[in-house]
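Comments concern the structure below.
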Amino acid sequence: MGVKKRKKMHQKRILLTLSDPRAVISEQFRTIRTNIKFSAIDQTIKSIVITSSEAEEGKSTVAANLAVVFAQEGKKTLLIDADLRKPTVQYTFNLMNTTGLTSVLSHQVSFGQAVHKTHLSELDVLTSGPIPPNPSELLSSRAMENLMKEVKEEYDMVIFDSPPVIIVTDAQLLANQCDGSILVVRSNHTDKEKVMKAKELLNSANTRILGAVLNDKKVINNNYYQYYGEK
């Protein structure tokens, strides 16, 4: 896929949880939100890494919609684009990306100067910032540890959109610092062996795998939701 076509696709990304909160997909994201809460009864989950085995599996869409439903619930939520190689969150929320996570980690600006407010009062977004030559070094730096402490104190939920875990080590580095991780699997696309490899890599990072999200699965019959008055 060419650069222009990919960019056009990102610009068309629609957050159904915002545009159509009564849609079946929006309800499914709220179910995922509930499952996250129940996944760790004795520990409050305040930070999550969203990753996948490979590219084009929908992790960025899942991360953005999850951030929206947590904010809609009244949780003060921060979505961070930690995919420092192919960032897309700026397209999803139509934001400038001249400064962001890399700018904060390299001490060019403060977190407060880089974070974006959204029209959802409880949702803030930190875009990636300029693409750096050393993403892994930045994500494993002392500056990243300090930022993690700062945002965990300020927000109820912090969601990281990270690169595919098999391709680079960035997701493992983040998962090790977060309370849990979620693996996105695309229906009829993701190879089973690669999913198992991704799970193995996350386990080696000593992270709690909260579960997997099956993305792009066709809904044949949604009578269940219609019965309860949903679309």
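I50 has its side chain within reach of V184: a pair of non-hydrogen atoms, C-beta onward, lies under 4.5 Å apart. Counting heavy atoms from C-beta on, the side chains of R30 and F70 never come closer than 4.5 Å. Here the side chains of K152 and D179 are in contact, with some heavy-atom distance below 4.5 Å. Residues D161 and K59 have side chains in contact (heavy-atom distance under 4.5 Å, counting atoms from C-beta outward). When side chains are defined from C-beta on, R33 counts as touching E73, because their heavy atoms get closer than 4.5 Å. For the pair F93/L79, a side-chain contact is recorded, criterion being any heavy-atom separation below 4.5 Å from C-beta on. Side-chain atoms of P130 and S103, non-hydrogen and from C-beta on, do get closer than 4.5 Å to each other. With contacts defined as side-chain heavy-atom distances shorter than 4.5 Å, the pair N203/K199 qualifies.
In this structure, K46 places its NZ atom where more than 12 heavy-atom neighbours from other residues, nucleotides or ligands lie under 6.0 Å away. Crowding of K37 atom NZ: a count of heavy atoms from other residues, nucleotides or ligands under 6.0 Å exceeding 12.
Partners of A55 by side chain to side chain contact (heavy atoms under 4.5 Å, CB included), not counting sequence neighbours, listed by chain and number: P164. The salt bridge (Lys or Arg N to Asp or Glu O under 4.0 Å) test applied to E150 returns no partner, not counting sequence neighbours. The salt bridge (Lys or Arg N to Asp or Glu O under 4.0 Å) test applied to R208 returns no partner, not counting sequence neighbours. Judged as a salt bridge (Lys or Arg N to Asp or Glu O under 4.0 Å), and not counting sequence neighbours, the contacts of K76 are E154. In this structure, the side chain to side chain contact (heavy atoms under 4.5 Å, CB included) partners of D191, at least two apart in sequence or on a different chain, are E193, K194. Listed by chain and residue number, A143, M144 satisfy the side chain to side chain contact (heavy atoms under 4.5 Å, CB included) test with S141 (two or more places apart in sequence, or in another chain). With sequence neighbours left out, E137 forms a salt bridge (Lys or Arg N to Asp or Glu O under 4.0 Å) with no residue at all. The side-chain hydrogen bond (donor to acceptor under 3.5 Å, both in side chains) check on N65 picks up T17, with sequence neighbours excluded. Scored by the side chain to side chain contact (heavy atoms under 4.5 Å, CB included) test, I32 finds F29, I36, L66, V213 as partners (sequence neighbours excluded).
Taking OG1 of T51 as the start and CD of E57 as the end, the distance is 8.5 Å to the nearest 0.5 Å.
No side-chain donor-acceptor contact under 3.5 Å links R186 to the backbone of D216. Looking only at distances, no side-chain donor or acceptor of S26 sits under 3.5 Å from a matching main-chain atom of R22. Of the possible donor and acceptor atoms, none in the side chain of T207 sits under 3.5 Å from a partner among the backbone N and O of A205.
Within the structure, side chain to side chain donor-acceptor pair (under 3.5 Å) pairs that include any residue of residues 112-124 comprise S110-Q113, K117-D124, D124-Y155 (at least two apart or interchain).
Closest heavy-atom contact between R85 and I131: O-CD1, 3.6 Å. Nearest heavy atom pair, residue S47 against residue M157, reads N-SD, 4.2 Å. Nearest heavy-atom pair, P163 versus A82, reported as atom, atom and distance to 0.1 Å: CD-O, 3.7 Å. Of all non-hydrogen atoms in S136 and L173, the two that sit nearest each other are O-CD1, 3.5 Å. The nearest pair of heavy atoms linking D156 to G74 is OD2-O, 4.4 Å.
Chaining together hydrophobic side chains whose heavy atoms lie under 4.5 Å apart places L202 alongside V165, I166, L183, V185, V195, L201, I209, L214. Under a 4.5 Å side-chain heavy-atom cut-off, the cluster of Ile, Leu, Val, Met, Phe, Trp and Tyr residues that includes V168 is completed by I167.
Using a 4.5 Å cut-off between side-chain heavy atoms of Ile, Leu, Val, Met, Phe, Trp and Tyr, with links allowed through other members, L139 and M148 fall into the same hydrophobic cluster. Linking Ile, Leu, Val, Met, Phe, Trp and Tyr whenever their side-chain heavy atoms come within less than 4.5 Å leaves L126 and L15 in two separate clusters. I48 and V151 sit in two unconnected hydrophobic clusters of ILVMFWY residues. Membership requires side-chain heavy atoms under 4.5 Å apart, directly or through other members.
With hydrogens and angles left out, the side-chain atoms of S162 and D170 include no donor and acceptor closer than 3.5 Å. Between the side chains of T127 and N97, at least one donor N or O lies within less than 3.5 Å of an accepting N or O.
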